[in-house]
Asks: 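Sharing a structure with you now.
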Amino acid sequence: MHLRQTEAAAWRLAAELVRWHPTWRVIAGYVADGPDEALCLVDVDTALEVLQIDPRASVRFPSGDGAPPCPALDTPVVWESLASPGGVGLVTKMIHEQLGVTLPKRHPQSTPEGIGYRLIGAVLTAAAANAKPMMAFNGRRGEEPRDSHLRARPETAAYRPEQVWMLVRDGTVVAHLAGGYVWTAAGERLNLADRRARGQSIATLAATVSDGTQPTRRGRIPDGDGFIDVPPVRDINVLNEFAHTYDGYELLARDPHRLYDLVGPILEVVRRGEGMPDHVGLDMARGALFYLAREAHHAGWLTEDDLRVWLPIVEHIRALSGGRVAVLYPPGRTA
């Protein structure tokens, strides 16, 4: 396996281990006797290092209470196993055998942190063949990055620096992850556990948060970099095009009925002329606008009267995003 592929596999393995051990966390750069590139899993309840996953060498187990460490699992065994079907489960079993731990027969549910680690693995897998591959970066050794553009978002201030992961491509942060949430470059916050519960795949989430370069409908990317300005005009047809740069069915709900269950209360307030509720986030606002666009599509017409409902939502999106959002309409989907 190529190094980029083994790094992605290391994250998938870490996610599976955290699923079995919810108090474990990945903290890179906390490796006492290994390279910074290794993923170090620490038990947050005991503050003890559990193991190190090093894509270049092996899976290593530190000593505890003066006892000698468990023998390391060599790289060829680990990474060749991970490349096979069911490989993550196989290596997880190998690790627990080294630790002398017997796993229960019933698989536990994924934790929010574990879903985040799976997401990082999926993003790295998709970017492995890219000329500008993605990297996962955090505040190493508990310190903030020196480069100001690599620092965490204000929303992640409640987390320790080493718990905030940044997906970086070509020196630019394209997403922040912490505590089971993702903040995209467009300012959208995604609740990973909630998205998974609604049936959204890890691959779709990875495409959503990576860098926003998904094509819009009919294959257009308005400005060539995967982002679009919120339209400043009151033309209902232009706003309809903008509404379709976000796929509410893929990102929020699977069909119109479920989508309305989410955005209907918002639309009812707006239709009463009370404006957008302050608590509505960017994701839900774009979902509401998408619902209106699909509603108009099935009705067969759009009129200037629709602006009364559309404009407060558009202005809310503009205020939350700073006037620029990611194009999040999957390839191959037609409106």
Side-chain angles (χ1 to χ4, degrees), residues 1 5-122 124-125 136 138 140-142 159-160 162-163 165 177-180 192-193 196-197 202:
M1 292 176 72
Q5 295 173 315
T6 61
E7 289 175 347
W11 280 101
R12 295 196 301 272
L13 177 58
E16 181 67 8
L17 291 169
V18 170
R19 181 158 75 121
W20 289 100
H21 304 276
T23 62
W24 291 9
R25 297 290 185 276
V26 175
I27 303 180
Y30 267 37
V31 180
D33 301 311
D36 284 344
E37 291 78 5
L39 301 183
C40 178
L41 271 76
V42 172
D43 189 326
V44 294
D45 279 357
T46 63
L48 295 177
E49 181 182 306
V50 182
L51 58 86
Q52 303 162 7
I53 306 174
D54 177 9
R56 291 178 172 82
S58 60
V59 175
R60 296 187 297 274
F61 307 90
S63 59
D65 299 325
C70 299
L73 296 175
D74 293 332
T75 296
V77 175
V78 174
W79 306 128
E80 288 175 13
S81 298
L82 286 175
S84 65
V88 170
L90 176 61
V91 176
T92 298
K93 183 178 178 181
M94 293 165 57
I95 288 173
H96 284 93
E97 287 175 350
Q98 292 290 80
L99 293 172
V101 176
T102 301
L103 295 177
K105 293 182 179 180
R106 186 175 181 179
H107 280 62
Q109 290 186 337
S110 295
T111 65
E113 290 80 6
I115 297 173
Y117 300 156
R118 284 184 63 194
L119 178 61
I120 293 175
L124 296 182
T125 297
N138 74 341
R140 299 188 174 197
R141 304 192 185 280
Y159 301 91
R160 289 176 58 84
E162 68 271 19
Q163 295 173 334
W165 288 92
L177 297 89
L192 295 180
R196 291 289 291 143
I202 290 292

Asks: What pair of heavy atoms forms the shortest contact from Ile115 to Ser110, and how long is it?
Replies: CG1-CB, 3.8 Å

Asks: Return the minimal non-hydrogen interatomic distance between Phe61 and Leu99, and the atom names on each side.
Replies: CD2-CD2, 3.5 Å

Asks: Which atom names give the shortest non-hydrogen contact between Gly116 and Leu177, and what distance separates them?
Replies: O-CD2, 3.7 Å

Asks: Rounded to the nearest 0.5 Å, what separation is found between the NZ atom of Lys93 and the CD atom of Gln98?
Replies: 13.0 Å

Asks: For the residue pair His96 and Trp24, categorise the inter-ring angle as parallel (less than 30°), tilted (30 to 60°) or perpendicular (more than 60°).
Replies: parallel

Asks: Please identify each residue that fulfils side chain to side chain contact (heavy atoms under 4.5 Å, CB included) with Pro22, with sequence neighbours left out.
Replies: Thr111

Asks: Rounded to the nearest 0.5 Å, how far apart are CG of Leu17 and CD1 of Ile95?
Replies: 4.5 Å

Asks: State, to 0.1 Å, how close Ile53 and Ala10 come at their nearest heavy-atom pair, and which atoms those are.
Replies: CG2-CB, 3.7 Å

Asks: What's the spacing between Leu13 CG and Thr92 OG1 if we round to 0.5 Å?
Replies: 5.0 Å

Asks: For Pro112 and Gly179, work out which heavy atoms get closest and say how close.
Replies: CB-O, 4.2 Å

Asks: Would you check if the side chain of Tyr117 reaches a backbone N or O of Val26 as a donor-acceptor pair within less than 3.5 Å?
Replies: yes

Asks: For Glu49 and Cys40, which heavy atoms make the closest approach, and how far apart are they?
Replies: CG-SG, 3.3 Å

Asks: List for me each residue that meets side chain to side chain contact (heavy atoms under 4.5 Å, CB included) alongside Thr23, sequence neighbours excluded, and say none if there are none.
Replies: Asp43, Val44, Asp45

Asks: Would the number of heavy atoms belonging to other residues, nucleotides or ligands and lying under 6.0 Å from CD of Glu97 be above 12?
Replies: yes

Asks: I need the Glu113 CD to Trp165 CH2 distance, nearest 0.5 Å.
Replies: 13.0 Å

